[in-house]
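Read the numbers this way: they start at 1 and go in the same order the structure lists the ligands and their atoms. Since the structure is predicted, the reported quantities are computational estimates derived from the model, not experimental observations.
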Amino acid sequence: MSDTARLLGSAVSHWARDPWARGSWSLIGRHATPQDRIALGTPVGQRLRIAGEATHPTRAGMTHGAYEKGVEAAVWAADLGHARVAVVGAGMAGLGAGRTLAERGVQVCVFEARDRIGGRTAGVDVAGGAFDLGANWLQQYDENVLARLAERLGLRTVVTDFADPLVLGGPSIPEGIEDDLRKRLAGAAPDAGLAEVLDDWLGDPAPWTTEQIHRFIDAEIVMDSGAPLSWLSARHGFEPGVGEGDRWIAGGYRLLTGHLAEGLDIRLGHPVHDIRVEAGGVLLNGEFAADAVIVTAPLPVLAAGAVTFAPPLPAPHRAALTRLGAGRVEKVILRFDERFWPEHGYYRVHGPERTSISEWLDATAADGTPTLVGLFAGHWLGTLWTGTDDEIAERAAGIIREATARHGRDRRGE
Ligand SMILES: Cc1cc2nc3c(=O)[nH]c(=O)nc-3n(C[C@H](O)[C@H](O)[C@H](O)COP(=O)(O)OP(=O)(O)OC[C@H]3O[C@@H](n4cnc5c(N)ncnc54)[C@H](O)[C@@H]3O)c2cc1C
């Protein structure tokens with residue numbers, strides 16, 4: 001069966017090379033703490049504020065954290081009495097800011113570099129269905145403000161049980177191992193990288209095997225961060241997020257972003273490269289004047305100097321831009337004419353190399369056509385992401401076909 005299922009269509013992400021993302025989501029490097037997120041989001045005087053997922057101390061790297069920070073920045077600008085505010089970026093933070101400002105009667109203009117809204121939520125049409133190449137789930141569902149919006153809009157959402165992935169071809173991760181790691185991380189030196197803690201652990205792995213530890217780290221840290229373990233902070237790099245009742249939206253995140261963008265003045269294809277803060281207001285690209293500006297460009301985009309600030313950002317903001325960073329997790333959407341994988345909902349595939357990790361969402365429930373959404377991190381990104389998108393998709397399909405076949409053989413005891 002796995003050899004005969006035909007690929008009907010596919011889509012492949014390239015977040016790392018996208019100039020308006022430069023990575024997947026923000027992370028805390030070994031010389032940083034959550035305080036750097038707070039510093040980055042602290043207003044610069046009364047006319048400039050950076051918002052976006054990277055500025056949320058507890059909900060970073062997630063759409064609802066981004067949205068909350070956008071709303072917070074908008075309330076700040078409106079409370080200061082600004083009548084005309086510019087917003088840079090039409091992702092979740094920028095849309096949250098724009099909508100909140102408009103609701104408060106503030107004139108708002110959103111400048112978006114790309115020719116679409118949504119930022120790191122990115123809807124794509126694949127073989128007749130709508131799926132997400134960026135954010136997929138509404139995480140921390142019970143306390144997620146966007147989940148409440150999805151409910152109000154009557155969107156259909158589907159639960160993913162992250163606690164119980166089906167491991168295709170290999171043992172599951174034993175219980176208790178995460179508690180052990182969390183204790184070790186809490187006791188790490190302030191500047192330690194996660195790799196140092198891992199090395200210590202592997203030197204004395206009992207009661208676990210080294211294989212179990214590697215599998216756990218690949219699944220929980222490499223997959224969730226997409227960053228080198230030596231760069232990631234031991235104390236703060238393992239942030240909360242995935243696995244708290246998460247649900248994905250049938251029809252994709254664009255159902256939310258489209259709603260949030262309704263009626264807003266959004267200028268697509270308008271990258272902002274220069275922001276001047278003067279006594280009487282702000283000037284964008286030397287031509288657009290406003291009373292204040294809210295900047296939601298992703299952290300790596302700002303860190304790369306894509307936007308010049310005059311006067312320069314204060315030292316704590318600049319330090320945060322260098323100490324925080326972003327990892328790389330990429331996605332592949334594959335649609336088939338028949339299903340060849342077992343019914344379960346969420347799958348994990350390890351190997352063949354150390355840190356070759358992929359996880360797979362069965363998104364067939366979107367419209368009934370057999371669909372898999374693969375997330376890739378670690379070793380795979382060096383070997384899989386070469387050539388054309390069709391070649392990447394075919395290779396990704398080969399990985400899940402092979403893992404499914406291996407799983408079948410294991411179950412039959414072959
Ligand atoms: C593969 C992947 C999977 C993810 N999965 C999830 C998930 O399941 N659940 C979840 O909650 N989160 C997930 N995330 C993270 C989530 O997508 C982000 O945290 C969130 O969308 C960030 O919103 P933002 O507004 O801060 O930034 P962005 O969405 O990046 O928006 C910033 C906007 O600014 C624009 N921009 C950049 N520079 C400029 C400029 N100079 N001038 C004008 N515009 C500019 C960009 O084009 C973009 O539209 C995922 C991300 C990725 C990449």
Side-chain angles (χ1 to χ4, degrees), residues 12-16 18-27 40-41 50-56 59-71 73 86-98 109-122 132-141 144-147 160 162 223-224 226 241-244 246-249 252-253 256-257 260-261 266-275 284-285 293-302 304-308 326-333 359 361 373-377:
V12 175
S13 77
H14 294 278
W15 293 107
D18 181 330
W20 308 118
R22 290 176 169 264
S24 299
W25 51 83
S26 70
L27 300 165
L40 188 63
I50 295 174
E53 57 88 8
T55 63
H56 205 301
R59 291 178 186 162
M62 294 181 277
T63 52
H64 59 304
Y67 179 83
E68 284 178 8
K69 293 308 284 187
V71 170
V87 175
V88 178
M92 272 300 176
L95 293 173
C109 183
V110 183
F111 293 90
E112 169 52 53
R114 294 184 175 107
D115 59 4
R116 62 164 182 86
I117 63 163
R120 281 169 281 167
T121 71
D132 285 310
L133 262 188
N136 219 111
W137 287 271
L138 293 160
Q139 295 177 218
Q140 303 176 325
Y141 191 83
N144 185 323
V145 62
L146 295 174
T160 298
F162 285 107
M223 186 79 248
D224 278 7
V242 174
E244 297 172 47
D246 302 9
R247 288 167 170 263
W248 55 275
I249 306 166
Y253 254 98
L256 285 181
T257 53
L260 291 170
I266 301 178
R267 317 246 170 120
L268 297 178
H270 270 74
V272 171
H273 51 80
D274 184 60
I275 297 178
L284 274 58
N285 291 353
V293 59
I294 295 169
V295 180
T296 72
L299 176 130
V301 175
L302 294 175
V307 184
T308 310
R328 183 178 179 203
V329 173
E330 302 284 3
K331 283 174 78 172
V332 173
I333 296 163
E359 294 191 344
L361 167 70
V373 177
L375 294 98
F376 290 81

* Under 3.5 Å between some N or O of ligand 1 and some N or O of W25? -> no

* To do: For atom 39 (C) of ligand 1, find the nearest protein heavy atom and state the residue, atom name and distance (0.1 Å precision).
  => W20 CE3, 3.8 Å

* Is the backbone of W15 close enough, under 3.5 Å, to the side chain of R328 for a donor and an acceptor to pair up by distance? -> no

* To do: Rounded to the nearest 0.5 Å, what's the gap from CD on Q140 to CZ on R59? Could you check?
  => 5.5 Å

* **Numbered atoms of ligand 1 (with element) below 4.0 Å of G118, judged on heavy atoms** => 29 (O)

* Structure fact -> protein heavy-atom neighbour closest to atom 47 (O) of ligand 1 works out as E112 OE2, 2.6 Å

* Asked: Can you find a heavy atom in the side chain of N285 that is under 4.5 Å from one in the side chain of H270?
  -> no

* Structure fact -> The atoms of ligand 1 lying under 4.0 Å from a heavy atom of P298, numbered in the order shown, are 30 (O), 32 (C), 37 (C)

* **Heteroatom proximity flag, T63 to ligand 1, N/O under 3.5 Å** => yes

* Does S26 reach the side chain of E53, with side-chain heavy atoms less than 4.5 Å apart? -> yes

* To do: Just jot down the ligand 1 atoms closer than 4.0 angstrom to any heavy atom of W137, in number order.
  => 7 (C), 8 (O), 9 (N), 10 (C), 11 (O)

* Pairwise distance CG(L361) to CD(E359) - rounded to 0.5 angstrom -> 10.5 Å

* Would you mind reporting whether L95 and I266 have side-chain heavy atoms less than 4.5 Å apart? => yes

* Asked: Counting only heavy atoms, which portion of Q139 has something under 4.0 Å from ligand 1: side chain, backbone, both, or neither?
  -> side chain

* Going by heavy atoms in the side chains, are D132 and K331 under 4.5 Å from each other? -> yes

* **Sub-4.0 Å atoms of ligand 1 with respect to non-hydrogen atoms of G52** => 26 (O)

* Between CG on residue N136 and CD1 on residue I249, distance to nearest 0.5 Å -> 9.0 Å

* Applying the side chain to side chain contact (heavy atoms under 4.5 Å, CB included) test to L146, which of M62, M92, Q139 qualifies? -> M92

* Asked: Is there a side-chain contact between L256 and L138 (heavy atoms, below 4.5 Å)?
  -> yes

* Asked: atom 29 (O) of ligand 1: which of H64, H56, R120 has the nearest heavy atom?
  -> R120

* Mark up the atoms of ligand 1 that fall under 4.0 Å of a heavy atom belonging to V307, in ascending order. => 41 (N)

* Which heavy atom of the protein is the closest neighbour of atom 32 (C) of ligand 1, given with residue, atom name and distance? -> T296 O, 3.3 Å

* To do: Heavy-atom contacts with G89 under 4.0 Å: which atoms of ligand 1 show up? List them by number with element.
  => 33 (C), 34 (O), 35 (C), 44 (N)

* Where is the nearest protein heavy atom to atom 42 (N) of ligand 1: which residue, which atom, and how far? -> V272 N, 2.8 Å

* Asked: Does E53, backbone or side chain, put an N or O under 3.5 Å from an N or O of ligand 1?
  -> yes

* Among protein heavy atoms, which lies nearest atom 31 (O) of ligand 1, and at what distance? -> G91 CA, 3.4 Å

* Is K331 touching ligand 1 with its side chain, its backbone, both, or neither, if touching means heavy atoms under 4.0 Å apart? -> side chain

* To do: Could you tell me if any non-hydrogen atom of A306 lies under 4.0 Å from any atom of ligand 1?
  => no

* Could you walk me through whether V88 and L284 pass the side-chain contact (heavy atoms from CB on, under 4.5 Å) test, one step at a time? => CA-CA 10 Å; V88 178; L284 274 58; 4.3 Å; yes

* Which option, A377, A66, G134, owns the non-hydrogen atom nearest atom 24 (P) of ligand 1? -> A66

* Asked: Among S13, A135, A113, whose heavy atom sits nearest atom 13 (C) of ligand 1?
  -> A135

* Separation between CG of D224 and CH2 of W25, rounded to the nearest 0.5 Å -> 7.0 Å

* Should you measure from each heavy atom of G61, which atoms of ligand 1 turn up under 4.0 Å away? -> 12 (N), 13 (C), 14 (N), 15 (C), 19 (O)

* To do: Could you check atom 25 (O) of ligand 1 against the protein and tell me its nearest heavy-atom contact, residue, atom and distance included?
  => A93 N, 2.9 Å

* Contact partition for V329 relative to ligand 1, non-hydrogen atoms under 4.0 Å -> backbone

* CG-CH2 distance between N144 and W137, expressed to the nearest 0.5 angstrom -> 14.0 Å

* Quick one: pull up OG1 in T296 and OH in Y67 and give me the separation to the nearest 0.5 Å. => 13.5 Å

* For ligand 1, does V301 get within less than 4.0 Å through its side chain, its backbone, both, or neither, judged by non-hydrogen atoms? -> side chain

* To do: For M92, counting its heavy atoms only, list the atoms of ligand 1 lying under 4.0 Å from any of them.
  => 25 (O)

* To do: Let me see the working for E330 and V12 under side-chain contact (heavy atoms from CB on, under 4.5 Å), right down to the final yes or no.
  => CA-CA 8 Å; E330 302 284 3; V12 175; over 6 Å; no

